[in-house]
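Reviewing the structure listed below.
All values reported here derive from a predicted model rather than from experimental measurement.
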Amino acid sequence: MTLIIAILAFNYLFSSLLSLLNVAHLRAWVKHPLPQALAPWFDQDKVRRTVDYTAAHTRLGYCSHLVGMLANCAILLSGLLPWLVRRAAGLPLPQALQGLIVLYVPLLLLFLAGLPASLAEDFGIEKRFGFSTITPGTWAADQLKGLLIGGLLLGLLFTGCSLFVQCCGTLWWLPAWALAVAVMVLMIFVAPVWLAPLFNKFVPLQDEVLRDKILALAKQAAFPLAGVYQMDASKRSTHDNAYFTGLGATRRIVFYDTMVANYTHDEILAVMGHEIGHWKMRHIASMLALSALVTGGALSLAALVLNGPWIYRVLGLADLHAARGLQGPLLGAALYLVSILFSPANLALAPLSSWLSRRHEYQSDAYAVRLRPNREAMRTALLKLNRKNLSNLFPHPLYVAFHYSHPPLLARLAAIDRLEIPSA
């Protein structure tokens, strides 16, 4: 138990240190004149707002992560888990459902512990900086929908694991791995058409002239376009963004309605080319492959940990484990504990995942500029995105390594400027 609490404390301290370095690095940079690439786009007031916005989110992160750590400690030290196991075992339910109850309760408590931070973000920081447009009703509906969807997916995966433990013994992680990968692939197909519309309204791009230009660009790139949509992001926030999602018949490119309203056609076409680049270079497939490998490794290690008696001694359930009874409830408690034990591994893998994602962004930028040689449109689109969203202009390199899925603005602009392409 000391080891587990130490892991929780280490994760919190390491995360807090990275955030502290990040804010300090930003404050140090803005004392100097802005680089030439940024000077025409950012005045001192905008820079100060960027610093204040980053610092406000950092302070909230300290608090929310601390609350999460303390909630986990309370769950572990209060005796809640062994009490849940014994109570769930007495319910007239299949063992898989008994185990789900044991797993759901601590996760629900952690979810509830995180709600104040979510409220503070959407109705505090985001509102204060002019981004949040969400209503309390929409916020509550989002929380409930996310909870239900997450609960259903977790229920599916846990039920499969429970059945595999019973029928496959110590090799249960192999079919569990297959199930997890199948669910990941299925989600890529169904999320754009079934899940995303539960939160937002998606309609075909309304600007017919822009739509014709996008169709021509897709044809030029031999991109099998299943749809270009605009999303009513403005009902929650004024942030700008666009993304590529789905596979096969569900493949689509989505623009926030705020972006469609505030960017030129050339800038939107540059962003469109970037999203096409993700598809042309099979970035979704490569990230899916990495996720599948990490999931397989995690499940195999989980199987080794769950076979050892010490984890059940920590839980105060060694007698039940020795009797080989209550496999469902025991599995639920043990998997919750394993998720904490493996959190340092997630931290260690974060730089690899983030590096690969940033590499994909560079590649997609290069593809977009070569597809439609308008270097300036890509530059101005990126500058507008960062200025509007108050993105950190000078993040600390170590923070970037662990947390940035996209390269910092200056690095992206420099990479675009280095591209050897004919001018438009």
Side-chain angles (χ1 to χ4, degrees), residues 94 96-97 99-100 103-104 107-108 111 141-168 171-204 223-229 231 241-254 275-303 328 331-332 335-336 338-339 342 346 349 352-353 356-357 360 364 405:
L97 291 181
L100 266 178
L103 186 57
Y104 277 152
L107 295 182
L108 179 60
F111 170 80
D142 285 352
Q143 299 299 321
L144 182 59
K145 291 173 188 176
L147 183 64
L148 291 175
I149 293 170
L152 287 173
L153 290 174
L154 180 61
L156 171 64
L157 293 170
F158 179 83
T159 300
C161 287
S162 181
L163 294 175
F164 298 145
V165 166
Q166 295 178 36
C167 69
C168 302
L171 295 178
W172 64 269
W173 67 273
L174 286 172
W177 184 19
L179 175 62
V181 172
V183 170
M184 284 191 284
V185 173
L186 181 65
M187 289 298 294
I188 293 175
F189 278 99
V190 306
V193 293
W194 287 356
L195 298 184
L198 295 175
F199 297 87
N200 288 95
K201 182 179 180 181
F202 296 82
V203 298
F223 175 61
L225 188 61
V228 180
Y229 294 84
M231 182 183 86
N241 205 358
Y243 62 90
F244 171 69
T245 186
L247 287 174
T250 68
R251 184 190 306 111
R252 58 187 60 189
I253 291 173
V254 178
E275 300 304 333
I276 291 176
H278 283 306
W279 173 78
K280 295 287 283 189
M281 298 182 185
R282 298 179 175 85
H283 290 161
I284 288 183
S286 62
M287 292 302 285
L288 178 62
L290 176 62
S291 296
L293 287 174
V294 171
T295 300
L299 286 171
S300 65
L301 291 174
L331 182 63
L335 285 177
Y336 166 73
V338 165
S339 69
F342 283 3
N346 294 332
L349 289 171
L352 172 62
S353 176
L356 183 59
S357 179
H360 289 169
S364 293
S405 60

Self-check item: Counterpart residues, side-chain contact (heavy atoms from CB on, under 4.5 Å), relative to T295 (two or more places apart)
Solution: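 Per chain and number, T295 pairs via side-chain contact (heavy atoms from CB on, under 4.5 Å) with W177, A180, M184, L299.
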
Quiz item: Can you list the residues that meet the side-chain contact (heavy atoms from CB on, under 4.5 Å) rule with A196, with sequence neighbours excluded?
Solution: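 Counting only residues at least two positions away or on another chain, A196 forms a side-chain contact (heavy atoms from CB on, under 4.5 Å) with F202.
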
Might you point out which heavy atoms bring [X] and [Y] nearest each other, and give the distance in Å?
X: S357; Y: S405; answer: OG-O, 2.7 Å
X: A226; Y: G248; answer: CB-O, 4.2 Å
X: V338; Y: A302; answer: CG1-CB, 4.0 Å
X: S162; Y: G328; answer: OG-CA, 4.3 Å
X: G246; Y: I284; answer: O-CD1, 4.0 Å
X: H278; Y: S364; answer: ND1-OG, 3.1 Å

Check whether any side-chain N or O of [X] sits under 3.5 Å from a backbone N or O of [Y] as a donor-acceptor pair, and report yes or no.
X: S291; Y: M287; value: yes
X: R251; Y: P224; value: yes
X: T250; Y: V190; value: no

Quiz item: Can you tell if the side chain of L108 reaches within under 4.5 Å of the side chain of L147, non-hydrogen atoms only?
Solution: yes

Quiz prompt | pair L107-F111: side-chain heavy atoms closer than 4.5 Å | solution =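 With C-beta onward as the side chain, the pair stays apart.
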
Taking atom [atom1] of [X] and atom [atom2] of [Y], what is their separation to the nearest 0.5 Å?
X: L103; Y: L335; atom1: CG; atom2: CG; answer: 6.5 Å
X: L288; Y: R282; atom1: CG; atom2: CZ; answer: 14.0 Å
X: F244; Y: I276; atom1: CZ; atom2: CD1; answer: 9.0 Å

Counterpart residues, side chain to side chain donor-acceptor pair (under 3.5 Å), relative to [X] (two or more places apart):
X: Q166; result: none
X: Y104; result: none
X: S286; result: H360

Exercise. Report the residue from W279, Y229, Y243, F223 that forms a side-chain contact (heavy atoms from CB on, under 4.5 Å) with I253.
Key: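 Of W279, Y229, Y243, F223, side-chain contact (heavy atoms from CB on, under 4.5 Å) with I253 is met by F223 alone.
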
Self-check item: Other residues, nucleotides, ligands: >12 heavy atoms within 6.0 Å of K145 NZ
Solution: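 More than 12 within 6.0 Å, yes.
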
Please tabulate, for the side chains in residues 148-161, all donor-acceptor contacts under 3.5 angstrom to protein atoms that are two or more places apart in sequence or on a different chain.
{"from": "T159", "atom 1": "OG1", "to": "G155", "atom 2": "O", "distance (Å)": "2.7"}

